[in-house]
Amino acid sequence: MNINQIIDYYAQATVNFVDIFTNTMEPGRKDTGRTTAPGKCGLVFPLAGSASFSFNGTPYAMVPGMVVHAGPQMPIEIQATGDKIWEYTVVHYIPPKDTAPFSLANQHFAIHTGDYSNIINLVQQLKESYAMPGSMAILKSKAIFMNLVEAILISAKMKILDSANEMMEQVVQYIHEYYARPLSVSNIAQAFGVERRRLAYLFEQHTGMNPSSYLTEYRIRRAKDLLRYCNFTVAEIAECVGYVDSFYFSRVFKKNTGMSPTAFRKLMMEEAKYV
């Protein structure tokens, strides 16, 4: 599920906190033959241990660091896995009366949040507030619930950005390692299993340059080093930095430096006389 779709859902839909409860299960225990609550959506927060939750037959391997959303009256099965007690909290809320524009209310999906400490702290605050009587406690619970939703979505967004940055660092290193090959944005994207336009967008966010420009600039820098310190011909240098066509290489070099490879080499030789 796209995190931006989830953010849009909670930003636009009118949702109201209802209740919260915590449950535990012994390792190996299985709970079947039930459905989620009618008229309510739920957010499931793993606290300890691990389990397989199945909503409408779709399993989720649940551990702390994720939240799972479920819609009303979905068939559910729970299997406590591992060798530790499985503990989880469920927060129920009332979805919008008209769910047609808000289809996520009737769907199940996982939200991976990574860092969980702030989220669990808000879950605990919500449990304490829900246990108190009076209108002020009800009002406070509503406020904490919305803070909890915000914390979930911010954490999920940050996790995605962190993962994207890590991948883009790997893409940069990939370019540095394989620049001498006939690289293109398409085959870099294929190597990392990312859609081409998505790769280009993330790369530019990370480096300030699109991947094609970065690759070209890196090749030209390597070509400058070779022209300065090696006796290779221009054609040989072109091949060393990933250009099969030496004439095309010369055009690219001149476009980026303002001079031809031969003129650049001559300039470097002249400057070397005075060093």
Side-chain angles (χ1 to χ4, degrees), residues 1-9 11 65 110-115 153-275:
M1 184 63 63
N2 186 310
I3 187 62
N4 292 322
Q5 291 178 282
I6 302 172
I7 292 172
D8 288 343
Y9 165 60
I111 308 172
H112 295 276
T113 62
D115 183 19
L153 299 177
I154 288 174
S155 294
K157 191 77 171 179
M158 290 302 297
K159 180 175 173 60
I160 291 171
L161 291 174
D162 288 345
S163 297
N165 285 336
E166 183 178 345
M167 180 187 290
M168 290 307 104
E169 278 298 319
Q170 293 173 4
V171 172
V172 168
Q173 293 305 314
Y174 186 87
I175 290 172
H176 291 180
E177 184 173 356
Y178 297 111
Y179 69 93
R181 298 183 180 181
L183 284 183
S184 68
V185 178
S186 294
N187 55 37
I188 295 172
Q190 185 176 8
F192 284 87
V194 182
E195 194 271 329
R196 183 185 181 282
R197 285 177 296 181
R198 177 68 174 165
L199 175 80
Y201 171 78
L202 292 174
F203 193 90
E204 188 160 356
Q205 291 294 309
H206 185 70
T207 65
M209 301 174 66
N210 66 58
S212 294
S213 296
Y214 186 93
L215 174 60
T216 298
E217 184 169 314
Y218 189 76
R219 283 171 164 169
I220 295 302
R221 288 183 181 182
R222 297 297 297 125
K224 285 180 177 179
D225 290 339
L226 293 172
L227 287 164
R228 183 182 288 114
Y229 301 115
C230 298
N231 293 322
F232 295 167
T233 66
V234 171
E236 288 171 333
I237 289 173
E239 188 173 349
C240 285
V241 297
Y243 293 96
V244 177
D245 185 340
S246 62
F247 294 103
Y248 178 70
F249 163 70
S250 295
R251 288 199 301 271
V252 172
F253 190 95
K254 187 170 184 178
K255 180 179 179 182
N256 281 267
T257 66
M259 62 183 72
S260 70
T262 302
F264 178 83
R265 170 175 273 168
K266 184 177 180 180
L267 177 63
M268 293 300 101
M269 292 175 66
E270 290 293 325
E271 290 182 354
K273 294 178 181 180
Y274 303 103
V275 175

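Side-chain atoms are counted along with the backbone in the values below, which use heavy atoms only and exclude waters and symmetry mates.
- Met167 approaches Val194 most closely through the heavy-atom pair SD-CG2, 3.4 Å.
- Atom OG1 of Thr216 and atom CG of Asn210 lie 8.5 Å apart (nearest 0.5 Å).
- Residues Val185 and Ser212 are in side-chain contact: their nearest non-hydrogen atoms beyond the backbone lie under 4.5 Å apart.
- Side-chain contact check for Leu227 versus Phe253: some heavy-atom pair is nearer than 4.5 Å.
- Listed by first and then second residue, the side chain to side chain donor-acceptor pair (under 3.5 Å) pairs involving residues 250-268 amount to none (not counting sequence neighbours).
- Using a 30° and 60° split on the angle between ring planes, His176 and Tyr214 fall in the parallel class, below 30°.
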Candidate pair Met168 and Leu199, rule side chain to side chain contact (heavy atoms under 4.5 Å, CB included), full reasoning: CA-CA 8 Å; Met168 290 307 104; Leu199 175 80; 3.7 Å; yes
Please test Arg228 against Asp225 for salt bridge (charged side-chain N to carboxylate O under 4.0 Å, His left out), starting from the C-alpha separation and ending with a verdict. CA-CA 5 Å; Arg228 183 182 288 114; Asp225 290 339; 3.5 Å; yes
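- Taking all atoms of both residues into account, the shortest heavy-atom contact from Lys157 to Ile7 is CD-CD1, 4.3 Å.
- In Glu195, the CD atom is crowded: over 12 heavy atoms of neighbouring residues, nucleotides or ligands sit closer than 6.0 Å.
- Nearest heavy atom pair, residue Arg181 against residue Arg219, reads O-NH2, 2.6 Å.
- To the nearest 0.5 Å, atoms OH (Tyr9) and CG (Asn2) are separated by 16.0 Å.
- Side chains of Asn187 and Tyr178 form no contact here, defined as non-hydrogen atoms less than 4.5 Å apart.
- For Tyr174, the OH atom sits in a packed shell: over 12 heavy atoms of surrounding residues, nucleotides or ligands are nearer than 6.0 Å.
- Rounding to the nearest 0.5 Å places CE of Met158 at 8.5 Å from CG of Asn165.
- Across all non-hydrogen atoms, the minimal contact from Phe249 to Pro261 is CE2-CG, 3.8 Å.
- In this structure the side chain of Leu226 reaches within 4.5 angstrom of the side chain of Cys240, judged on heavy atoms.
- A distance-only check finds no donor-acceptor pair linking the side chain of Thr113 to the backbone of Ala156 [under 3.5 Å].
- In this structure, Val172 and Phe203 have side chains that are in contact, with non-hydrogen atoms separated by less than 4.5 Å.
- With values rounded to the nearest 0.5 angstrom, His206 atom NE2 is found 13.0 Å from Glu204 atom CD.
- Rounded to the nearest 0.5 angstrom, Ile175 CD1 and Leu183 CG are separated by 7.0 Å.
- Using a 4.5 Å heavy-atom threshold, the side chains of Ile237 and Arg222 count as separate.
- Within a 6.0 Å radius of CD in Glu236, more than 12 heavy atoms belonging to other residues, nucleotides or ligands are found.
- By the 6.0 Å contact criterion, CZ on Phe232 is open, its count of non-hydrogen atoms from other residues, nucleotides or ligands being 12 or less.
- Within the 4.5 Å cutoff, the side chain of Met259 has heavy atoms near those of the Leu267 side chain.
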